[in-house]
Amino acid sequence: MSGARRPVILDCDPGTDDALALWLALASPEIDLRMVTVVGGNVGLERTVANAASVVGLSRAVVPVVPGAGRPLRGHFAGEVRVHGDDGLRGVTLPPGPPPVAAVAADAIRAMLHTMPPAGMTLVGIGPATNLALALATEPELAGKLREIVLMGGAWGEGNWTPAAEFNAASDPEALDILLALGVPLTLLTLELTSQALVRPERVAAMRGLGDGACLRAACDIMDAVLPSRRLGGKGHPLHDACAIAWLIAPELFETRLVSVQVDCGHGPARGRTHVDRWGRSGAAATVTLPDTLDTEAFFALLGRRLARLP
Ligand code: RIB
Ligand code: CA
């Protein structure tokens, strides 16, 4: 591994794919995971916080888990229990983790950014972007402390929450709009990218053979419990959030292009739609890095190797 470990704050809404992303981050020496902040989203905040604590606890890592927003900047979180189940982990029960930190995510993010050098921190958002937006809207000058913002969200084609919009973007479009306007290097992993990280039974079976640690077993149980995606023809389910971590630890698995992105904050049927200009037709400045393609087999091989390192 070349280079120093990369300081990261991971904001999540566990959520089955969030759990895999968390374990991948915790298993990867390239990442110095400083804090896990939690937002409502896939399921309610109380459940997403408990799930984040359990996932971190099972890895035996000592990383603070900080609760954040239980609702978006406007409106309310709708939840996605059809995919993640009422408990957020498709019925896979993990031992309770350590108690969350008695703080508020947006405040904790700001406090940690104040301790960082310029361009020192990477923010990874794999749920509705409410916590990240609240932190940076409160102190916009803290954007100078950021090396990169990496988000799983949006789509340039069909949505997975409405026909027009992807779940994270649709859950809090105003929050995404705030992050897009910061001028910080931003990488957006959309549904078109994550659909290439398709979990299939044979891929999980191969991972189970890599070890017998509790995290690997739980990760495989979760992946086996999620139903195939109708949107993707029932061939498997996309491991959305782990792609955001793979981008940080193995960027060579991706091909990218620079694009402009606008998010629809209206209240019509297109609310939360991300208008991703892949061909420069709008004339808007192309400042967002859009991973276009993923080396799928290498991604799952990396995921399996890393999960096998965990306790
Ligand atoms: O649309 C996929 C995203 O929404 C993922 O982050 C998933 O966990 C849900 O939050
Ligand atoms: Ca998520």
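All values below come from the heavy atoms of this structure, side chains included, with hydrogens, waters and symmetry mates left out. When a ligand or atom number is given, it counts from 1 through the structure's own listing order. Count residues from 1 along the sequence.
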Numbering as shown, the atoms of ligand 1 that approach Ile126 to under 4.0 Å (heavy-atom distance):
6 (O), 10 (O)
What residue and atom, counting heavy atoms only, is the protein's closest point to atom 1 (O) of ligand 1, and at what distance?
Glu166 OE2, 2.5 Å
Check whether more than 12 heavy atoms from other residues, nucleotides or ligands sit under 6.0 Å from atom CD of Glu174, and answer yes or no.
yes
Please list, in number order, the atoms of ligand 1 under 4.0 Å from a heavy atom of Met152.
2 (C), 3 (C), 5 (C), 6 (O)
Heteroatom test (N, O or S) for Ile126 near the Ca ion (ligand 2), limit 3.0 Å
yes
Taking atom NE2 as the centre, does His76 end up with more than 12 heavy-atom neighbours from other residues, nucleotides or ligands that are less than 6.0 angstrom away?
no
Determine, for Arg271 against Asp264, whether the closest basic-nitrogen to carboxylate-oxygen distance falls under 4.0 angstrom.
no
Of Arg217, Arg208, Arg90, which meets salt bridge (charged side-chain N to carboxylate O under 4.0 Å, His left out) against Asp224?
Arg208
Show the numbers, then the answer: is there a side-chain hydrogen bond (donor to acceptor under 3.5 Å, both in side chains) between Thr16 and His84?
CA-CA 6 Å; Thr16 53; His84 303 274; 3.0 Å; yes
Can you sort out which atoms of ligand 1 are near Phe167, meaning under 4.0 Å from one of its heavy atoms?
1 (O), 4 (O), 9 (C), 10 (O)
For Asp17, the ligand 1 atoms whose distance to one of its heavy atoms is below 4.0 Å:
5 (C), 6 (O), 7 (C), 8 (O)
Is the Ca ion (ligand 2) less than 3.0 Å from at least one N/O/S atom of Asp13?
yes
For atom 6 (O) of ligand 1, grab the closest protein heavy atom and report residue, atom and distance to one decimal in Å.
Asp241 OD1, 2.6 Å
Can Thr37 and Asp11 be counted as having a side-chain donor-acceptor contact under 3.5 angstrom?
yes
side-chain hydrogen bond (donor to acceptor under 3.5 Å, both in side chains) for Asp277 and Ser282? Distances and angles first, verdict last.
CA-CA 7 Å; Asp277 183 358; Ser282 67; 2.6 Å; yes
Applying a heavy-atom cut-off of 4.0 Å, say which part of Thr194 lies close to ligand 1: side chain, backbone, both or neither.
neither
Any idea which N/O/S atom from Asp241 gets closest to the Ca ion (ligand 2)?
OD2
Polar proximity ligand 1 side, His240 side, N/O cut 3.5 Å exclusive
no
So, does Glu80 sit close enough to ligand 1 that a heavy atom of it is under 4.0 Å from the ligand?
no
Modelled atom types, side-chain donor and acceptor of Arg147 and Thr122, under 3.5 Å
no
Which of the atoms of ligand 1 are close to Asp18, meaning less than 4.0 Å from one of its heavy atoms?
8 (O)
Taking only heavy atoms of Asn160 into account, list the atoms of ligand 1 that are under 4.0 Å away from them.
1 (O), 2 (C)
Crowded around Glu139 CD? As in, over 12 foreign heavy atoms under 6.0 Å?
yes
Under 3.5 Å, is there a donor-acceptor pair linking the side chains of Thr190 and Glu166?
no
Distance under 4.0 Å to a non-hydrogen atom of Asn42: what atoms of ligand 1 satisfy this?
7 (C), 8 (O), 9 (C), 10 (O)
